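The model shown is predicted, which means the values in this text are computed figures rather than measured ones. Chain letters run A, B, ... following the sequence lines, proteins first and then strands; every chain starts at 1.
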Amino acid sequence: MTDPLLDGLNPEQREAVTLPDQNALVLAGAGSGKTRVLTSRIGWLIREGRATPGSILAVTFTNKASREMLSRIESVLKVNTRGMWVGTFHGLCNRMLRVHAADAGLPSGFQIIDQADQLSVVKRVMKSAGIDKETIEPKIVQHFINQHKEAGERSSDIRSLDARTPNGAVSLELYRLYEKLCMAEGVVDFAELLLRSYELLQRNELIRRHYERKFSHILVDEFQDTNVLQYRWLKTLAGYGIPGMAREPGITNSIFAVGDDDQSIYAFRGANVKNLTDFTRELGVDHVVRLEQNYRSTGHILDAANALIGNNTGRLGKNLWTDSGKGEKLRVMPTGSGEAEAQFVANEIEAEHLRGRKYEDFAILYRSNAQSRALESILMSAGIPYRIYGGHRFFERAHVKDALAYLRLVENPNDNTAFLRAVNTPTRGIGAKTLEGLSAAAETAGVSLMTAAKNSPTKAAAFSDLILNIRDKIADLPLVEAVKVVIESSTLRAAVEAADKKEHTAKAEDLDEIANAAAAFLKNAEIDEKTPALLPVSEDELSPLSAFLALATLEAGDNQSEAGADAVQMMTVHAAKGLEFPVVFITGLEENLFPHASAMRENGDSGLEEERRLMYVAITRAKRRLYLSYAAVRFINGQRQDEMPSSFLDEIPQEHLEWLADPQAASRESWASSSGSWGRGGDEPHRGRASYGHWGERRSDSESRGSGDRGTFTGNAYTWSPKGKDASYNGSKDEPLLKKRKAGPDGWQAGQHVKHPKFGKGVIVSVIDSGDMTKLQVAFVGGGVKQLLAKIAKLEKI
DNA sequence: TAGACGGCTCTTTTT
DNA sequence: GAGCCGTCTA
């Protein structure tokens, strides 16, 4: 008998899929078929009559993951998934709050603000409270607020403050004012979605009972990434939520959680791995299933990942294995600079592409978004198509947010954040002074800025008229038309076109794209099932515009439209979680970059362990081939930095590594490309690190390898010749951006003594010509070494 | 009083 | 490279 749901599952997977209706935990290693288990479980529950689509709630962390899950469910099940609640925590909470806005104490058209908007609200609160940012940084206040919300604490719940909290009392007062302001303006931040929804369930018995009865099966993906509040939210939904209160009779809900402590990479956002153990203890989980067979990667890749993660402490313990053979070793490439590294990646991809591999089979991963730039420019000049996930996302682009601000303001005139953004974009002669007056007037009268503007004699009154006008105009228009009208009437489009003809296309296109996004949104819009009449539901119909704006903030736009094109995929390691690729490049493997310095600075060893888990996630994305690369020198924010290879490289046993070049040569090259390595002389910058010995040992290997078609190693240059095409790679010769210059175009020269109006006397230690700008590195007598733009800095030769 | 612009400082990950 | 702040000009 064949069973399409269970065939092909290994015994553990099958056990997980067919577990009885009890709380259960599946510890699923990377690549162990976790998503398959989740979707099969849902299919099985429905097929066996244990659940209906409407009784299932499945929650994930990213929009990508929830889309993936939905589409897989749909392909497994020939069932209508409409009634199923599948989404991110934030998405599901939003959905719940829209239905019960009144009960949750929110206006029916409440708007969601993203992190950047939240920060600007905090700044406004601080301003009106008369607290300057020298006293306390707005970001710290923002962090304070979010941290407490994620722990389920309102400002009124905070009884005592951690002595380590800087300006605790001030932060607390600002938190209180922030809550008040958000309420007055009808906006809700990310953490608030969770907290509101949780409080609603806690306080409103009718609503809680409704959802308890409704969701008999709750499935949670990436459980290790839940924070305290999310865990409590889940418990509440499952009927365990009210402290001291027994489960309602007849409630037999169960939580099916899937997680992997080794892939917990969101502690910085309040995720709490302890939830895994708390869950098993508190909810009496006696079914823990371990999935350890990996179906994704080959042996060397897995062994490397296992060895690395073995250095973490306090793991639940798990060892991935595969029966798909050893495969290739991990290829390590030391390079002289970030550009050389990017060039290497481009060369490898192009060579493989010539052999018939598709571009989409490659993923380039990096620790931080900023690293994508160097890679991008090289890929672009190499003519390799690429696609970047995350990064500067569509709805977060400045001009797109400007347009959204108009939409928000039209929808909700109380939204002062939107008002402040839109009022002078494009410029209308409304400056700080006007706004100050407006704010004061609004505050005394207890009205919104919009109202204050309307009654003021300033130019802002015209702006208010404009918004009201637009409001009238679009009142009866369908969403897409309305969006178009708002963008036209705001004159944003005209302004963007006038601003600079160069960018005209991209930005104007983005603005047009908003209307397209609205159309796409309508197409996908799920019609919420009718909530049973016994519930006290707000009868206000949610406007399509509100719903669209919420989605824009929650999904910020992972450009789905570009899918399908054959392109190399680029993303941060965080964004890569849950994905897999035949060939993966992990770039920027440098100490302080990956692992990132700030992770360790803030959280010490636990920070390092999280970075290690991140590296583990990165490694386990690769199916067939994995490259690890780093640069001896990298420009970080215009600053040239000497880099040390990542300690993670030392944590992978050499038997799994194949070095593609001599690390010492790579670092020499970087020295050659910069003049005046002051004070360091000819020192080997990387001496003393364990891994380098191995290159020496392996040298003869490389010679024999040179006979193949892959690559040869000569001197300090790595050269490769794909079939039919002769390409060579040599950092010092072909480095496109960084050139050694004895003297810059304006006669600047290393060794030249100079004087700066602010920093005083100094000496030029290096002249760097990067593209069209000449940068000077100057060591000042006072001690600091500064990087200055020759064109701009008022340097005087002395 | 607005707006442009030079120049400084700080760099992480995301719903 | 980008955002923020202070300064200069209209």
Side-chain angles (χ1 to χ4, degrees), chain A residues 59-66 87-94 112-116 118-119 123 133 137-139 146 150 188-194 222 225-227 230 264-271 365-374 389-393 395-396 398 424 426-437 458-459 550-551 553-556 558 571-577 588 592-603 607 610-611 613-614 617-618 635-639 641 756-759 770-771 773 775 784 786-789 791-794:
Chain A
V59 59
T60 62
F61 272 84
T62 65
N63 298 300
K64 212 187 276 173
S66 72
T88 63
F89 276 103
H90 295 86
L92 296 175
C93 288
N94 176 48
I112 303 167
I113 54 172
D114 67 13
Q115 201 122 321
Q118 183 187 34
L119 189 61
K123 284 180 183 163
K133 49 188 173 314
E137 271 178 64
K139 278 208 165 149
N146 288 336
E150 278 158 11
V188 162
D189 61 48
F190 286 138
E192 183 73 23
L193 285 171
L194 263 307
E222 311 278 16
D225 286 333
T226 52
N227 63 32
Q230 288 162 338
S264 158
I265 56 174
Y266 285 104
F268 72 91
R269 202 169 82 186
L365 308 185
Y366 34 83
R367 176 64 179 83
S368 67
N369 281 304
Q371 288 166 251
S372 70
R373 229 164 267 278
Y389 289 88
H392 212 175
R393 298 141 102 203
F395 284 113
E396 286 167 0
N424 206 30
T427 55
R428 299 190 170 87
I430 301 167
K433 218 59 190 180
T434 310
L435 290 176
E436 225 164 80
T458 64
K459 286 175 181 158
L551 194 89
T553 310
L554 284 174
E555 296 203 9
D558 324 285
M571 68 198 81
T572 63
V573 180
H574 282 89
K577 185 153 84 152
N592 295 332
L593 185 57
F594 196 3
H596 201 280
S598 35
M600 276 122 65
R601 197 181 321 121
E602 284 160 27
N603 295 306
E610 175 143 322
E611 294 290 301
R613 290 192 293 271
L614 199 52
V617 168
F635 270 86
I636 296 177
N637 308 314
Q639 284 282 339
Q641 302 228 304
H756 187 273
K758 195 163 175 185
F759 305 124
S770 55
M773 298 201 284
K775 287 182 179 177
K786 301 266 177 199
Q787 185 106 25
L788 304 165
L789 285 179
K791 259 198 294 199
I792 294 168
K794 291 170 185 138

The test is side-chain contact (heavy atoms from CB on, under 4.5 Å); show your working for A:L554 and A:I112 and say whether it passes. CA-CA 8 Å; A:L554 284 174; A:I112 303 167; 4.0 Å; yes

Rounding to a whole Å, what distance do you find between A:L435:CG and B:dG3:C1'? 14 Å

In whole angstrom, give the distance that lies between atom CD of A:Q641 and atom P of C:dG1. 17 Å

Pick base, sugar-phosphate or nothing for A:T434, based on heavy-atom distances below 4.0 Å to the nucleic acid. sugar-phosphate

Nearest to the side chain of A:H574, heavy atoms from C-beta on, is which of B:dT15, B:dT12, B:dT14? B:dT14

Measure the distance from CD on A:Q115 to C1' on B:dT12 and round it to the nearest whole Å. 12 Å

With the six-membered base ring of B:dT13 as reference, does the ring of A:Y266 sit under 5.5 Å away with planes under 30° apart? no

Heavy-atom nearest nucleotide on DNA chain B taken for A:G429 and for A:A370; more 5' hit belongs to A:G429

Expressed as a whole number of angstroms, how long is the span from A:H90:NE2 to B:dT15:C1'? 4 Å

Got a donor-acceptor pair under 3.5 Å from the side chain of A:H596 to the base of B:dT12? no

A:A575 side-chain proximity, nearest of B:dA2, B:dT14, B:dG3: B:dT14

Rounded off to whole Å, could you give me the CD-to-P distance for the A:E150 and B:dT15 pair? 13 Å

Which residues satisfy the side chain to side chain contact (heavy atoms under 4.5 Å, CB included) test with A:S598, sequence neighbours excluded? A:H596, A:R601, A:E602

Separation of B:dT14 atom P from A:F395 atom CZ, nearest Å, is 18 Å

Below 4.0 Å: OP1/OP2 of C:dG3 and any side-chain N or O of A:K123: no

Verify side-chain hydrogen bond (donor to acceptor under 3.5 Å, both in side chains) between A:Q118 and A:N146, making sure each step is shown before the conclusion. CA-CA 10 Å; A:Q118 183 187 34; A:N146 288 336; 2.8 Å; yes

Here the gap from A:E222 atom CD to A:T88 atom OG1, rounded to the nearest 0.5 Å, amounts to 13.0 Å

Whole angstrom is fine here: how far is it from CD in A:Q371 over to P in B:dT13? 9 Å

Between A:T62 and A:R428, which residue's closest nucleotide on DNA chain B lies nearer the 5′ terminus? A:R428

N/O (side chain, A:N369) to phosphate O (OP1/OP2, C:dG1) under 4.0 Å: no

Counting the atoms with a prime plus P, OP1 and OP2 as sugar-phosphate, which does A:N424 contact under 4.0 Å by heavy atoms, base, sugar-phosphate, or nothing? sugar-phosphate

Check: protein-nucleotides 5-10 of chain C nitrogen or oxygen pairs below 3.5 Å:
| unit_1 | atom_1 | unit_2 | atom_2 | d |
| --- | --- | --- | --- | --- |
| C:dC5 | OP1 | A:K133 | NZ | 2.8 |

With the threshold set at 4.0 Å, does a side-chain nitrogen-carboxylate oxygen contact exist between A:R269 and A:D225? no

Between C1' on C:dG1 and CZ on A:F635, what's the gap in Å once rounded to a whole number? 13 Å

So which nucleotide from C:dA2, B:dT15, B:dT14 ends up closest to the side chain of A:R373? C:dA2

Short question: side chain of A:R367, backbone of A:F594 - any donor-acceptor pair under 3.5 Å? no

Describe the nucleic acid contact of A:F89 in one word from base, sugar-phosphate, nothing, applying a heavy-atom distance below 4.0 Å. nothing

Over-ring placement of A:K64 relative to A:Y389, 6.0 Å and 45° cut-offs: yes

Give A:A432 one of three labels, base, sugar-phosphate or nothing, depending on what nucleic acid heavy atoms sit under 4.0 Å from its own. sugar-phosphate

Picking from C:dA2, B:dG3, B:dT12, the nucleotide nearest the side-chain atoms of A:T427 would be B:dG3

What residues, two or more places apart in sequence or in another chain, satisfy side chain to side chain contact (heavy atoms under 4.5 Å, CB included) together with A:N424? A:T427, A:R428, A:I430

